[in-house]
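For this chain, numbers begin at 1 and follow the sequence in order.
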Amino acid sequence: MTPASPATPPDPAPGADVHADSDSDSGEEGSEAAGPTDGATGDDGSDAAGRTDPTDSDPATAALRAAFAHAAFDVTPGPVPLAAVRRAGRARRRRRTTAFSAFSVLAVASAVAAVVVLTPVRPAPSSSGPEPVAVPPTGVPSASAVSSPPAVRTSQAPPPPPVATTIEVVAAGERVDAGKGWKVWLTKEGKHWAGPDGYENSRSVTDGNIDLGSPGVSHQSEGDAAGVFHSGLYYGTRTAGRVELRNAAGRTIVATLLELPGKPGWGVWYAHGGAKDGEMSPVLYDRSGARIAELPLMPVGDPGNEDQNP
């Protein structure tokens, strides 16, 4: 393609109105100066501000640009391939859906496999032979091992606290039948008792041998081959709950408690034991089961009367 040469304007015809052309040209220049558009250039390659594009100064470059512009106007764009775009989008969505479905199936299968491994299944009994016993898999604890707490040895468990004994309140001088021919009564002076033979004895709480300000217990015993009668005082507490007799073999005898009205801070205990019990030791507990006083083991009289005082 040969670039066209710019056309040279013809000479004005003779007699033509030169002033009219001048007015026309000045009008066109005035309109361009008054409202040029951005990027518009004059015939000499300059814009409205007087700037000149350096590429337009070269005739070859200007001709090349004109040829490219003419060729671009002859190109007709093709239609947008919407159908192909839609098919590609549907294919991508199907691939994502298939991948998610496969992941979900794999997760469910893994959970089912874990349940099957952790839960032993008993096989169906056969017609011949004993029924097989299901054995839990290695490393999985059995249900009994998980739910059952470890066994506690009986020897390690602490013994239960003693239960408080009911204290019988008696009037001063009231004789109480203590069993097997023995009698017991209380006065303001202290404890009194009498045996089957009628012999009377006493233990004072006012002679200064007993400190009523501190918890304590005393012990007297009389008996023969038929049995032993144990008795004594408990004192120094208004919360007495129990008196027990114990021997070296661990035999325990619970005593009966007597007290005067008004809680004077002391009382009498008594109990019957066997001749073969050996040494016996009285122990005083309060109502909460705490041990607050005791005496060491003492030998039992055979026969006779032995007194163990604090």
Are the side chains of Arg246 and Met280 in contact, using a 4.5 Å heavy-atom criterion? no
Applying side-chain contact (heavy atoms from CB on, under 4.5 Å), can you list everything that pairs with Thr256, at least two apart in sequence or on another chain? Tyr270
Would you name the heavy atoms of Ala240 and Leu284 that are closest together and state the gap between them? CB-CD1, 4.2 Å
Name every donor-acceptor pair, under 3.5 Å, that has one atom in a side chain of residues 79-90 and the other anywhere in the protein, sequence neighbours excluded.
none

Are any non-hydrogen side-chain atoms of Val205 and Leu233 less than 4.5 angstrom apart? yes
With sequence neighbours excluded, give me every salt bridge (charged side-chain N to carboxylate O under 4.0 Å, His left out) pair touching residues 253-263. none
Counterpart residues, side-chain contact (heavy atoms from CB on, under 4.5 Å), relative to Ala69 (two or more places apart): none
Applying side chain to side chain donor-acceptor pair (under 3.5 Å), which residue pairs with at least one partner in residues 176-190 are found, sequence neighbours left out? Thr187-Glu189, Thr187-His192
What heavy-atom pair brings Pro282 and Trp269 nearest, and what distance separates the two atoms? CB-CZ2, 3.9 Å
Pairing residues for Arg251 by the salt bridge (Lys or Arg N to Asp or Glu O under 4.0 Å) criterion, not counting sequence neighbours: Asp277
Heavy-atom nearest pair, Leu258 first then Tyr234, reads O-OH, 3.4 Å
Is Leu186 close to Trp266 at the side-chain level, that is, under 4.5 Å between some pair of heavy atoms? yes
Can you find a pair of side-chain heavy atoms, one from Val228 and one from His272, that are under 4.5 Å apart? no
So, taking the atom named CG in Asn201 and the one named NZ in Lys191, what distance separates them when rounded to the nearest 0.5 Å? 7.5 Å
Closest non-hydrogen contact found for Ala275 with Ala225 is CB-O, 3.9 Å
For Glu294, check salt bridge (Lys or Arg N to Asp or Glu O under 4.0 Å) against everything at least two apart and list the hits. Arg291
Could you please spell out the steps behind the side chain to side chain contact (heavy atoms under 4.5 Å, CB included) verdict for Val268 and Val184? CA-CA 9 Å; Val268 172; Val184 177; 3.9 Å; yes
Nearest heavy-atom pair of Val254 and Arg242: which atoms, and what distance? CG2-NH2, 2.9 Å
Kindly write out the residues that satisfy side chain to side chain donor-acceptor pair (under 3.5 Å) with Thr206, not counting sequence neighbours, or none if the list is empty. Ser204
Applying side-chain contact (heavy atoms from CB on, under 4.5 Å), name anything that partners Ser214, two or more places apart in sequence or on another chain. Asp211
Looking only at non-hydrogen atoms, find the nearest pair between His230 and Gly273 and report the distance. CD2-N, 3.9 Å
Under 3.5 Å, side-chain donor or acceptor atoms of residues 169-176 against the rest of the protein: list the pairs with distances, not counting sequence neighbours.
unit_1: Glu174; atom_1: OE1; unit_2: Ala171; atom_2: N; d: 3.0
unit_1: Arg175; atom_1: NH2; unit_2: Glu200; atom_2: OE2; d: 3.1

Residues in side chain to side chain donor-acceptor pair (under 3.5 Å) with Thr252, at least two apart? none
